[in-house]
Amino acid sequence: MSEPFLELVDISKIYPGVVALDHVSFSVSPGEVIGLIGENGAGKSTLMRVLGGIVEPSGGIIRIDGVERRSLTVADAINGGIAFVHQELNLFDNLDVAANVLIGREPVYGGPLKLVDRKRLYAQVRPLLERLEVDFEPDAPLSELSLAQRQLVEIIKALSLDARLVIMDEPTSSLTLTETGRLMRVIAGLKADGVSVIFITHRLNEVKQCADRAVVLRDGHVVGSLTRAELTPAAMIRLMIGRDLKSLYIPPAAPPGESVLEIAEAVTQTYPDRSVSLSLRRGEILGLAGLVGSGRTELARAVFGVDPLRSGSINLDGEPIRIPTPRAAIDHGIYLIPEDRKNSGLLLDFSIAANISLPDLASYLRCWLVRTSLEIENARRQRERLKIRAPDVITSVDALSGGNQQKVVLARWLSMRPRVLIFDEPTRGIDVGAKQEIYDMLRRLADTGVAILMISSDMEEVIGVSDRIAVMHEGSISGFLDRSQFSEHNVLQLAVGHTV
């Protein structure tokens, strides 16, 4: 291995009452891919902010090409060849793809006005889009792209910097298996070109797939490093949480019951010439798989009343129902936990208690005033039930980890006795320990008779959690799989429109 491009020596960061990083040391060589793993709160994000010049360390040394620094500025990081792919997208909806990729670096015409040369702009960005094999053009408005497509734009933006080190923070959290495969090929290409990659993810199979080694953080410490030969899920989990973890996936206690929700010939706005028919049984976890753009999220939004159905029918317990609005869905006991919980599922500057009570405020009113004591009492019950880690229920939701934010969304609906729960990407951006808790909750809910429709782009999750899998392709169901038929091959065959 060549001399390290980057060295971190005894990096520490101390906040009042909290040691976020405690003498963290590791190095990155040119063309090396490092998987940086650990539970939420382990210190990964703080360490990356130190590298990006956003946070000044309390101690330690950073060496880039042997040159020592006590800290970096943002300009130092960029000039040193460090580029970031952030989990929280840093994009502008009012611009097109190319403008987002080269923002602040746009080619301009000569003259005093410095007008953007859009022809050159698109010409510079197009090869980057082709490198990731994306299905949108440089002039596509960002506002028209899906969450997964926006994630790809964030990746393309980092690649455009010709960086020597690319730090990817949960880059596949919104990507399907096919898109993740494209990204793995990009990472292999960067490695071949001598570009280093720090790959932060909670999907341990991806670490095994692309990393040369893994560095494991726990409670602000580096607790170990694993070579490529040692990269097994069991070994990574043992270092991450300090103990062996039993199977993430819990089998059902009993077979599913009768049909609860039936969707017949439903046509969404996105696919006006295709229809969806499926049934969801009491106590069942039905996994809904498919490529991004296959219509999974659009179906969920229509069933929850966010978007109207063009045609088709929905039956609940054998009775036809109309769901023109989310309020109507809620009144029928049908609840949605959206994939983008921060923008669509939570009010981040509100407390845990306020977020939980929001859709059911009538239950907390007296003389048209919210009875805060009842609101807090219920929130504390849900916090204990779901093991939400927070000082108290008056804590603002934006102070919580991703896993605990997801639990707050779930707590909201559990306090209202759901009949049908629709989970869209239930563990996006959640660490392995929190994943096990979410899976355990899903199974316990199903065992009490709740019917669960789980949309997921994580193939391992779909196969491990589901009792049955429905696969969508271009707006319709291409097939169903029973447990005996579960395999990545079968799911992918149906996802691309083939038969099994």
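All residue numbers in this chain count up from 1 along the given sequence.
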Derivation and outcome, side chain to side chain contact (heavy atoms under 4.5 Å, CB included), residues Gln382 and Lys407: CA-CA 9 Å; Gln382 296 301 330; Lys407 290 179 187 179; over 6 Å; no
Polar side chain donor-acceptor pair, Glu298 to Thr268, under 3.5 angstrom: no
Salt-bridge present (Asp392, Arg380; N to O < 4.0 Å): yes
Check: Phe486 and Val462 side chains under 4.5 Å, non-hydrogen atoms: no
Heavy-atom closest contact (Gln405 atom, Leu346 atom, distance): CB-CD1, 3.7 Å
Qualifying salt bridge (Lys or Arg N to Asp or Glu O under 4.0 Å) pairs with a residue from residues 443-453, counting only residues at least two apart or across chains: Asp440-Arg444, Arg443-Asp467
Separation between CG of Leu152 and CZ of Phe136, rounded to the nearest 0.5 Å: 5.5 Å
Pair Arg150 + Glu154, salt bridge at N-O below 4.0 Å: no
4.5 Å side-chain heavy-atom contact, Leu278 and Leu299: yes
Partners passing ring pair (Phe, Tyr, Trp, His ring centres under 6.0 Å) against Phe199 (at least two apart in sequence or in another chain): none
Non-hydrogen side-chain atoms of Pro359 and Met416 separated by less than 4.5 Å: yes
Verdict with supporting geometry, Glu425 and Ser456, side chain to side chain contact (heavy atoms under 4.5 Å, CB included): CA-CA 5 Å; Glu425 303 292 354; Ser456 178; 4.0 Å; yes
Under 3.5 Å donor-acceptor, Asp482 side chain and Gln485 backbone: no
Within-4.5 Å side-chain heavy-atom neighbours: Arg203 and Val207: no
Steps toward side chain to side chain contact (heavy atoms under 4.5 Å, CB included) verdict (Leu410, Leu421): CA-CA 9 Å; Leu410 181 56; Leu421 273 177; 4.1 Å; yes
Any pair counted as salt bridge (Lys or Arg N to Asp or Glu O under 4.0 Å), so long as it reaches residues 488-500, sequence neighbours left out: none
Flag for Glu474-Ser294: side-chain donor and acceptor within less than 3.5 Å: no
Donor-acceptor under 3.5 Å (Ser466 side chain, Ile469 main chain): no
Charged N-O contact under 4.0 Å between Lys435 and Glu460: no
Donor-acceptor pair, side chain of Lys44 and main chain of Leu217, under 3.5 angstrom: no
Between Asp135 and Gln149: side-chain donor-acceptor atoms closer than 3.5 Å: yes
Arg296 versus Ser457, side-chain donor and acceptor atoms under 3.5 Å: yes
Arg412 side chain vs Asn355 backbone, donor-acceptor pair below 3.5 Å: yes
Any side-chain heavy-atom pair of Ile455 and Glu339 under 4.5 Å: no
Spatial distance of atom OG (Ser45) from atom CG (Leu36) [nearest 0.5 Å]: 9.0 Å
Other residues, nucleotides, ligands: >12 heavy atoms within 6.0 Å of Ile394 CD1: no
Exceeds 12 heavy-atom contacts within 6.0 angstrom, atom CZ of Arg105: yes
Spacing of CD1 belonging to Ile452 relative to CG belonging to Leu261, to within rounding of 0.5 Å: 13.0 Å
Ala83 to Ala158 - nearest heavy-atom pair and separation: CB-O, 3.9 Å
Any donor-acceptor pair under 3.5 Å from His473 side chain to Ser478 backbone: no
Distance-only polar pair, side chains of Glu262 and Ser259, donor-acceptor under 3.5 Å: yes
Pairing residues for Glu170 by the side-chain contact (heavy atoms from CB on, under 4.5 Å) criterion, not counting sequence neighbours: Gln87, Ser173, Thr201, His202
Glu206 side chain to Thr172 side chain, donor-acceptor N/O pair below 3.5 angstrom: yes
For the student: nearest non-hydrogen atoms of Ile314 and Val303, plus distance: CD1-CA, 4.3 Å
Nearest non-hydrogen partners of Met454 and Val465, listed with the distance: SD-CG1, 3.8 Å
Note, Ile200 side chain near Ile167 side chain (heavy atom, < 4.5 Å): yes
Glu284/Arg468 ion pair, N-O < 4.0 Å: yes
By salt bridge (Lys or Arg N to Asp or Glu O under 4.0 Å) - contacts of Glu144 (at least two apart): none
Beyond-backbone contact of Phe84 with Asp169, side-chain heavy atoms, under 4.5 angstrom: no
Crowding at CD, Glu384 (>12 non-hydrogen neighbours, <6.0 Å): no
Straight-line distance of Ser143 OG to Leu95 CG, nearest 0.5 Å: 10.0 Å
Full working for side-chain hydrogen bond (donor to acceptor under 3.5 Å, both in side chains) between Glu265 and Ser311: CA-CA 7 Å; Glu265 302 296 326; Ser311 62; over 6 Å; no
Whether Asn100 side chain and Asp96 backbone form a donor-acceptor pair below 3.5 Å: yes
For Arg385 against Leu445, the heavy-atom pair lying closest together: NH2-CD2, 4.5 Å
Arg419 with Asp317: basic N within carboxylate O range, under 4.0 Å: yes
Side chain Gln406, main chain Pro426, donor-acceptor under 3.5 Å: yes
Pair listing, ring-ring contact (aromatic ring centres under 6.0 Å, His included) test, anchored in residues 303-351, at least two apart: Tyr335-Trp413
Side chains of Tyr122 and Glu137, donor plus acceptor under 3.5 Å: no
Worked check of side chain to side chain contact (heavy atoms under 4.5 Å, CB included) between Leu453 and Phe423: CA-CA 6 Å; Leu453 180 65; Phe423 276 79; over 6 Å; no
Sole candidate of Leu190, Val166, Val197 that passes side-chain contact (heavy atoms from CB on, under 4.5 Å) when paired with Val33: Val197
Contact check, side chains of Leu492 and Val471, non-hydrogen atoms, under 4.5 Å: no
Smallest separation among heavy atoms of Ile477 and Ser277, with atom names: CG1-O, 3.8 Å
Any donor-acceptor N/O pair, Arg274 side chain to Val267 backbone, under 3.5 Å: no
Within 6.0 Å of CZ in Arg483, more than 12 heavy atoms from elsewhere: yes
Main-chain N/O of Arg389 paired to Asn404 side chain as donor or acceptor, under 3.5 Å: yes
